[in-house]
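Okay, so here's the structure we're looking at.
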Amino acid sequence: TYSGSIEGEIIYKNSPVTLSSESSSTGTVAESTPVKLPIISELIPNPEGSDSTSEWIELYNPSTEEIILTGLYLDDEEGGSDPYKLSGTLGVESYLVISVEDSKISLNNSGDSVRLLGVDKEVLSQIDYTDSTEGSSYAIIQNAWVWTSSPTPGADNAAAASEETKSEASFTNGDLSESVSISEVFP
């Protein structure tokens, strides 16, 4: 074991991470893709007004533990915008809204993908959408993806009763265990 650690503990490099002003702790840099991952919970590719300043992607931590984001990337479809490097941590049952102005990820109105990438830029999670409507967000609501005319950046997703379910989500309570495999174990 590493000095100061206990057997079975995951060891991270001791580099401090800059967090939002709402957080009082410091994170560490992950050497490998974290086991607990945030979910892509909502996105708005065609906001009212300017797409180049008003688009955003929302991540959510459904777990009972803080998630280390450092080492993860957010991206659109292959060959689109450059991957955006995430940093810091995402608190328990918290949201993180990432604007196009910060990430430089430009989402296509006619259809695109939003992908969460691991430390080696492998795809960990991917949401595909088509034919966005101005002012509507694509959101996970009751384990299904729907277009909603009520975007909720940084809050629980909501849809009007008349809004139709598009597709089933591929996770339950943030459990991506069927999509994650262990490729190496270090003693």
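Just so you know, residue 1 is the first one in the sequence shown, and it goes up from there.
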Nearest non-hydrogen partners of Gly154 and Val97, listed with the distance: N-CG2, 3.3 Å
Any non-hydrogen side-chain atom of Tyr60 less than 4.5 Å from a side-chain atom of Leu90? no
Are Leu59 and Ile67 side-chain neighbours, meaning at least one heavy-atom pair lies under 4.5 Å? no
Side chain proximity check, Val100 to Leu107, heavy atoms < 4.5 angstrom: no
side-chain contact (heavy atoms from CB on, under 4.5 Å) for Asn46 and Thr133? Distances and angles first, verdict last. CA-CA 6 Å; Asn46 190 4; Thr133 302; 5.9 Å; no
Stepwise side-chain contact (heavy atoms from CB on, under 4.5 Å) check, Ile140 with Ile127: CA-CA 10 Å; Ile140 184 76; Ile127 305 303; over 6 Å; no
Any side-chain heavy atom of Thr89 within less than 4.5 Å of one from Asn61? no
Is the backbone N or O of Gly135 less than 3.5 Å from a side-chain atom of Ser149, with the two atoms forming a donor-acceptor pair by type? no
side-chain contact (heavy atoms from CB on, under 4.5 Å) assessment of Leu43 paired with Tyr129: CA-CA 10 Å; Leu43 53 107; Tyr129 67 88; 3.9 Å; yes
Nearest heavy-atom contact between Pro38 and Leu116 is O-CD2, 3.6 Å
Take atom CG of Asp128 as the centre, draw a 6.0 Å sphere, and report whether it contains more than 12 heavy atoms from other residues, nucleotides or ligands. yes
Atom NZ of Lys104 and atom CD1 of Ile98: how far apart are they, to the nearest 0.5 Å? 13.5 Å
Do the non-hydrogen side-chain atoms of Val114 and Ile105 ever get within less than 4.5 Å of each other? no
Heavy-atom side-chain contact between Leu37 and Leu72 under 4.5 Å: yes
Indicate yes or no: at least one non-hydrogen side-chain atom of Glu48 is less than 4.5 angstrom from one of Ser54. no
With a 4.5 Å cut-off on side-chain heavy atoms, are Ser113 and Asp76 touching? no
Quick one: pull up CG in Asp102 and CH2 in Trp56 and give me the separation to the nearest 0.5 Å. 14.0 Å
Would a distance-only check, ignoring hydrogens and angles, find a side-chain to backbone donor-acceptor pair under 3.5 Å from Lys121 to Gly118? no
Looking at Glu101 and Ser99, would you say the former's side chain and the latter's main chain have a donor-acceptor pair under 3.5 Å? no
So how far is it from Ser106 OG to Asp82 CG, rounded to the nearest 0.5 Å? 12.0 Å
Distance check, rounded to the nearest 0.5 Å: Asp120 atom CG versus Tyr73 atom OH? 9.0 Å
Under 3.5 Å, is there a donor-acceptor pair linking the side chains of Ser41 and Glu58? yes
Minimal non-hydrogen separation, Glu93 against Pro62, with atom names: CG-O, 4.3 Å
Under the salt bridge (charged side-chain N to carboxylate O under 4.0 Å, His left out) test, which residues partner Asp75, sequence neighbours left out? Arg115
So which heavy atom on Trp147 is nearest to which on Ser136, and how close? CZ3-O, 3.9 Å
Could you tell me whether a side-chain N or O of Ser137 sits under 3.5 Å from a main-chain N or O of Ala139, the two making a donor and an acceptor? no
Going only through I, L, V, M, F, W and Y residues with side-chain contacts under 4.5 Å, is there a path from Ile141 to Ile44? no
When you measure from the side chain of Ser132 to the backbone N and O of Asn109, does any donor-acceptor pair fall under 3.5 Å? yes
Once rounded to the nearest 0.5 Å, what's the spacing between atom CD of Gln126 and atom CD of Glu77? 9.0 Å
Given Leu86 and Thr70, is the side-chain contact (heavy atoms from CB on, under 4.5 Å) satisfied, shown in steps? CA-CA 6 Å; Leu86 298 169; Thr70 303; over 6 Å; no
